[in-house]
Amino acid sequence: MIAVLQALADGLMIGGVYGVIAVGLSLVFGVLGIVNFAQAEFMMLGMYVAWFAWRYLGLDPLVGAALSFVAVFCLGALVQRLLIQRIMKAPPVAQIFLTVGLLIVLENSALLLFGPEFRTVKTAYQTRALMIGPIFVSVSYLSAFVAAVIVSGGLWLVLTRTWIGRAIRATAQNPMAATLFGVDTRWIYAVAFGLGTGLSALGGGIVLSYSSVSPTSGSQYVVLMFTVVVLGGLGSVMGALVGGVIVGMIQSLSTLVMPIQLQNLALFTIFIALLAFRPQGLLGSPSR
Amino acid sequence: MAALATLAASNAWSAEPVKIGILVPLSGPTAQFGNNIRNGVELALEDMKETGGLKALGADVELVYADVPAPNAAAAATQRLISQDGVVGIIGSFVSSITLAASEVTERAGVPMMTHSFADQITSRGYKFIFQVANKASLFGEKQLTYALDIAKRAGSPVSKIAILYEDTAYGTAQAKGLRDTANRLGIQIVVDESYPLNLTDASPLVNKLRASGADLVFPVSYFNDAILIIRTMRQQNLDIPTVGGAAGYIIPDFKKGLGDLVEGVYSIAPANYDALPAIAEKYKKKYGAFMPHEALMYGAAFQHMVKAIEVAQSRDPEKIRDAIAALRKCDGFSAGLPGGCTAFDANGLTSVAFPVFVQWRGDDIVTVYPPEVAKAPAYWRGKEVK
């Protein structure tokens with residue numbers, strides 16, 4: 001019983017973080033209709049920004065994550081204006097080529113600029129855990145989870161309560177109608193892409209607080225990211241968060257009955273079953 | 001006159017540099033190790049020039065790099081080194097699966113290749129042109145356990161239950177098998193035997209199992225990122241079980257950078273350690289700002305062995321160089337820093353002198369603590385010095 005509770009607690013916290021890194025991917029698809037294969041590379045860049053902020057400004061990575069968001073937001077918006085905008089109406093193959101190419105360019109630029117070594121941060125709470133009854137709650141997971149919840153809440157507020165949020169949702173629903181109502185959709189596309197990549201970067205900063213960064217860190221998370229998003233429903237922001245928690249839980253609970261090596265087998269078995277019965281994802285709507 | 005012309009031509013030929021291919025991952029997930037190897041080989045070349053080792057060769061040595069991040073790129077890159085660049089030998093490639101793929105090409109082409117990759121298959125395929133300067137992975141697994149058991153016994157805290165955690169690629173699986181077989185042979189109980197995917201993002205399930213098992217000793221065979229996650233999560237849960245790493249991620253400078261004081265006292269098995277070669281290690285540290293990792297030392301030694309063999313063979317014919325590599329026993333330069341003090345090979349091309357050593361973290365350094373004949377300092381077990 002204790003083992004189950006422990007697995008649930010671990011799964012919930014790690015899943016919350018998965019949700020944040022994946023929500024950006026979902027947002028980009030929902031608004032721009034583009035599957036961004038380079039999304040995890042933006043997360044990796046965010047991890048580097050947070051690392052430099054920790055190393056040279058002494059900022060905790062959870063705080064530095066805010067800088068990651070700002071820096072990658074700008075980069076993402078720029079990439080959208082210069083590159084993505086050109087393939088918005090292109091066939092899907094061209095879109096795949098561009099984003100996969102972007103993935104390779106970003107990964108190798110990081111290798112060129114930062115070198116191949118792994119970088120980690122050291123924080124005081126990294127090796128602490130709280131005892132809640134018989135359950136260990138890792139302080140770094142807990143703070144990452146809290147940060148993830150705050151970010152999700154913030155995103156929800158922006159999307160529902162602000163003009164820009166309404167404009168993003170309007171553009172996602174029907175770009176033509178949004179234009180007719182005075183929304184400059186090209187600008188919204190840049191903002192949405194910046195927001196999406198920025199959120200993954202922010203998630204990267206959160207992940208860095210307990211993990212490490214190297215130019216290939218993105219590839220470590222890319223499959224998880226897509227699983228989370230498809231599970232929750234591609235394009236659904238809430239779905240990504242729910243999907244994240246579910247993925248974390250499945251991974252964690254499956255280790256109670258199966259070898260850890262097979263935790264992704266459990267994940268993908270459930271994933272395939274779900275796709276068979278509910279292809280639009282848990283919270284996705286059938287159309288998109 | 002004609003004879004003079006021939007002489008001049010042959011002089012021009014001999015002045016042309018001898019090319020050696022360095023086939024390592026310089027990008028991708030293991031890029032860091034490839035870069036360390038490059039540092040090591042370049043320092044080894046510098047060292048040979050300074051000590052006049054290249055004079056007898058009568059020509060310069062040129063390093064030709066090929067970046068191979070994954071096994072699927074190995075065959076084409078090896079072929080290119082041989083047919084386009086005209087290398088007379090190849091050094092590489094850290095990752096066992098890449099070495100296996102590359103050595104099939106070198107074998108067909110009849111060009112010697114030297115490696116320190118651990119996988120057992122490398123020198124058990126009956127190939128003539130591959131040379132392995134480190135021991136096999138299964139031996140590392142075996143020694144990892146027997147060395148640790150002996151230290152524990154001498155520290156007065158005998159071990160009866162062990163835990164094995166390993167990443168599920170060729171290296172982790174092979175080393176874990178060595179550990180498992182040895183434990184079964186010695187009647188040691190294995191209470192956790194778990195493999196995990198290399199791109200592990202959360203170590204808590206592993207550590208939860210470890211904590212519940214009551215193991216006396218844990219053997220994590222991991223890369224770098226997984227090593228960091230495992231050690232941090234263990235410390236979070238106040239687990240202070242003695243830890244014996246399986247080389248790779250546990251014996252690079254970044255391990256300390258990532259974990260700080262948590263690394264103090266962590267053990268690892270290693271194919272070689274820089275403290276056996278203080279003068280060169282000092283030079284390396286000055287030049288690259290960190291201690292010399294074992295792969296820099298081992299590939300430096302392999303490279304010097306190959307250059308020496310070319311000099312002995314007095315030929316650029318890969319076949320003759322191969323024979324010279326096989327016959328040579330080199331005990332100076334970088335080779336002196338390997339356990340056993342030499343590079344030399346048996347009939348299969350496997351090292352005939354090297355043996356694994358045990359190292360332990362002390363401050364910013366790793367120190368050889370076992371076996372006694374090569375130890376530089378006494379081992380510490382749970383903070384107490386082992387006599």
Side-chain angles (χ1 to χ4, degrees), chain A residues 2-3 6-7 9-11 13-15 17-18 104 107-108 110-112 115-122 125-131 135-141 207 210-217 219-224 248 251-256 258-265, chain B residues 25-36 38 67 69 165-168 172-173 192-209 211-212 223-229 231-239 249 252-262 290:
Chain A
I2 291 168
Q6 178 77 56
D10 289 342
M13 287 186 290
I14 202 94
V17 178
Y18 290 167
I104 296 168
E107 188 178 308
N108 285 287
L111 182 66
L112 204 65
E117 64 265 23
F118 296 92
R119 295 163 191 252
T120 49
V121 296
K122 279 189 287 229
Y125 55 82
Q126 225 158 28
T127 50
R128 302 252 171 81
L130 305 172
M131 284 294 279
I135 297 174
F136 279 96
V137 177
S138 146
V139 174
S140 54
Y141 280 3
V207 169
Y210 62 85
S211 180
S212 64
V213 58
S214 74
T216 48
S217 291
S219 58
Q220 214 178 340
Y221 289 91
V222 66
V223 176
L224 269 179
Q251 279 193 336
S252 185
L253 284 174
S254 74
T255 60
L256 294 175
M258 289 200 287
I260 288 152
Q261 196 185 13
L262 298 183
Q263 68 177 16
N264 285 339
L265 177 74
Chain B
L26 295 169
S27 62
T30 44
Q32 189 187 15
F33 297 93
N35 280 278
N36 291 342
R38 180 170 61 186
D67 172 24
L165 314 172
Y166 59 101
E167 53 88 14
D168 62 2
T173 332
V192 180
D193 188 348
E194 283 281 349
S195 69
Y196 60 84
L198 184 57
N199 58 358
L200 182 79
T201 50
D202 170 25
S204 43
L206 281 171
V207 177
N208 288 342
K209 282 193 185 181
R211 180 159 46 91
Y223 197 59
F224 175 76
N225 191 51
D226 41 346
I228 296 268
L229 285 174
I231 301 286
R232 269 192 197 148
T233 314
M234 277 178 64
R235 297 298 185 260
Q236 272 176 9
Q237 305 198 358
N238 294 322
L239 278 179
I252 53 174
D254 282 355
F255 189 62
K256 162 86 186 185
K257 269 198 223 156
L259 288 170
D261 295 338
L262 299 183

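Letters go in sequence order (proteins before strands), and every chain restarts at 1.
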Take atom CZ of B/R38 as the centre, draw a 6.0 Å sphere, and report whether it contains more than 12 heavy atoms from other residues, nucleotides or ligands.
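Enclosed: over 12 neighbouring heavy atoms sit under 6.0 Å from CZ of B/R38.
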So for atom CG, which belongs to A/L256, do other residues, nucleotides or ligands contribute more than 12 heavy atoms lying within a distance under 6.0 Å?
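It does: A/L256 CG has more than 12 such atoms within range.
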Please round to the nearest 0.5 Å and tell me the distance separating atom [atom1] of [X] and atom [atom2] of [Y].
{"X": "A/F136", "Y": "B/N208", "atom1": "CZ", "atom2": "CG", "value": "9.0 Å"}
{"X": "B/D261", "Y": "A/K122", "atom1": "CG", "atom2": "NZ", "value": "7.5 Å"}
{"X": "A/T255", "Y": "B/E194", "atom1": "OG1", "atom2": "CD", "value": "8.5 Å"}
{"X": "B/D202", "Y": "A/Y210", "atom1": "CG", "atom2": "OH", "value": "7.0 Å"}
{"X": "B/L229", "Y": "A/S211", "atom1": "CG", "atom2": "OG", "value": "5.0 Å"}

In the structure I gave you, are the side-chain heavy atoms of [X] and [Y] within less than 4.5 Å of one another anywhere?
{"X": "A/Q220", "Y": "B/N225", "answer": "yes"}
{"X": "A/N108", "Y": "B/S27", "answer": "yes"}
{"X": "B/I228", "Y": "A/F118", "answer": "no"}

Toward chain B, the part of [X] with a non-hydrogen atom under 4.5 Å:
{"X": "A/P259", "value": "both"}
{"X": "A/M13", "value": "neither"}
{"X": "A/L224", "value": "side chain"}

Who among A/L111, A/T120, A/T216, A/I260 has the most heavy-atom pairs with chain B under 4.5 Å?
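It is A/I260.
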Looking only at side-chain N and O atoms, does B/Q236 offer a donor or acceptor that is under 3.5 Å from a partner on A/S140?
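Yes, B/Q236 and A/S140 have a side-chain donor paired with an acceptor closer than 3.5 Å.
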Which pair of heavy atoms, one from A/V121 and one from B/R232, lies closest together, and at what distance?
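Shortest heavy-atom contact: O-NH2, 3.0 Å.
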Write down the atom of A/Y141, the atom of B/S204, and the distance for their closest heavy-atom approach.
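That would be CE2-OG, 3.8 Å.
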Between chain A and each of B/R235, B/K257, B/Q237, count heavy-atom pairs under 4.5 Å; write down the option with the most.
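So the answer, after comparing B/R235, B/K257, B/Q237, is B/Q237.
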Tell me, out of B/G260, B/S195, B/A212, who's got the most heavy-atom pairs with chain A below 4.5 Å.
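Most heavy-atom pairs under 4.5 Å with chain A: B/S195.
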With only heavy atoms counted, which part of [X] is less than 4.5 Å from chain A, the side chain, the backbone, both or neither?
{"X": "B/I231", "value": "neither"}
{"X": "B/L26", "value": "backbone"}
{"X": "B/N35", "value": "side chain"}

